[in-house]
Amino acid sequence: MYLEIDENVQNKINNLKGNKDGKIIFDTDDGAGPFSIEGTCSLGTHFRLLIVDPGFESDIYNGIMDSNIGHLPFKDYSRTYLSDKMKLSLENGKAVLKSDYENIDLSFEIKDFRNK
């Protein structure tokens, strides 16, 4: 599984990170794990890139996704909703996740969850 993150999204990540260290994880916002407040009963799926503290570890992020910015931990069970090759880009100021065949998430989020 590979995620290409375009330059505009990389700039957005770098602006959020600033000069503080952080680890980037690919999160399925499904109510499971420390960063999901609540799950949803809808048939849709929602994904996010999260900047977390550098030492963050959790058994729920038990998969590794390759990307052009490095390896990204993710919830391996969410593989069902993803594609082998994906692209994350900005369109009209919003982050969107797509594959060659479909729109996966048109309201993708990038959030900073580091202790401040």
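What you see is a predicted model, and the numbers here were worked out from it, not measured in a lab.
- Considering only heavy atoms from C-beta on, Ser83 comes within 4.5 Å of Ile104 through its side chain.
- Linking ILVMFWY residues whenever their side-chain heavy atoms come closer than 4.5 Å, directly or via other members, places Leu90 and Phe47 in the same cluster.
- Closest non-hydrogen pair, Lys23 versus Pro73, comes out as CE-CG, 4.0 Å.
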Working for side chain to side chain contact (heavy atoms under 4.5 Å, CB included), residues Asn68 and Gln10: CA-CA 10 Å; Asn68 58 325; Gln10 289 181 45; 3.3 Å; yes
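- Salt bridge annotation for Asp27-Lys75: present, with a cationic side-chain nitrogen under 4.0 angstrom from a carboxylate oxygen.
- Between Phe113 atom CZ and Phe56 atom CZ the span is 10.5 Å, to the nearest 0.5 Å.
- Judged by distance alone, the side chains of Asp76 and Ser78 never bring a donor and an acceptor atom under 3.5 Å apart.
- Looking only at distances, no side-chain donor or acceptor of Asp100 sits under 3.5 Å from a matching main-chain atom of Lys85.
- Residue Asn19 holds its CG atom at 11.0 Å from CG of Asn14, rounded to the nearest 0.5 Å.
- Atom-to-atom distance recorded for Ile24:CD1 and Ile5:CD1 is 7.0 Å, nearest 0.5 angstrom.
- Using bins of under 30°, 30° to 60° and over 60° for the plane-to-plane angle, the ring pair Phe108/Phe26 lands in the tilted bin.
- Not counting sequence neighbours, Glu4 has no partner by the side chain to side chain donor-acceptor pair (under 3.5 Å) test.
- There is no path of hydrophobic side-chain contacts, each under 4.5 Å, that joins Tyr2 to Tyr81.
- Using a 4.5 Å heavy-atom threshold, the side chains of Ile64 and Met1 count as separate.
- Listed for the Arg114 side chain is no donor-acceptor partner under 3.5 Å among the backbone atoms of Pro54.
- The line from CG of Leu88 to NZ of Lys98 is 11.0 Å long, rounded to the nearest 0.5 Å.
- Distance CD/Glu109 to NZ/Lys94: 9.5 Å, rounded to 0.5 Å.
- To the nearest 0.5 Å, the span separating CG on Asp112 from CG on Asn15 amounts to 12.0 Å.
- Looking only at side-chain heavy atoms (C-beta outward), Leu49 and Leu72 come within less than 4.5 Å of each other.
- Clustering ILVMFWY residues whenever any of their side-chain heavy atoms sit less than 4.5 angstrom apart, transitively, puts Ile69 in the very cluster that holds Met65.
- Following chains of ILVMFWY side-chain contacts shorter than 4.5 Å, one can reach Leu16 starting from Leu97, so the two form part of one hydrophobic cluster.
- The environment of Glu102 atom CD is dense: over 12 non-hydrogen atoms of other residues, nucleotides or ligands sit within 6.0 angstrom.
- The shortest distance between side-chain heavy atoms of Asn103 and Val96 does not fall below 4.5 Å.
- Residues Asp66 and His71 form a side-chain contact, since some pair of their non-hydrogen atoms from C-beta on lies under 4.5 Å apart.
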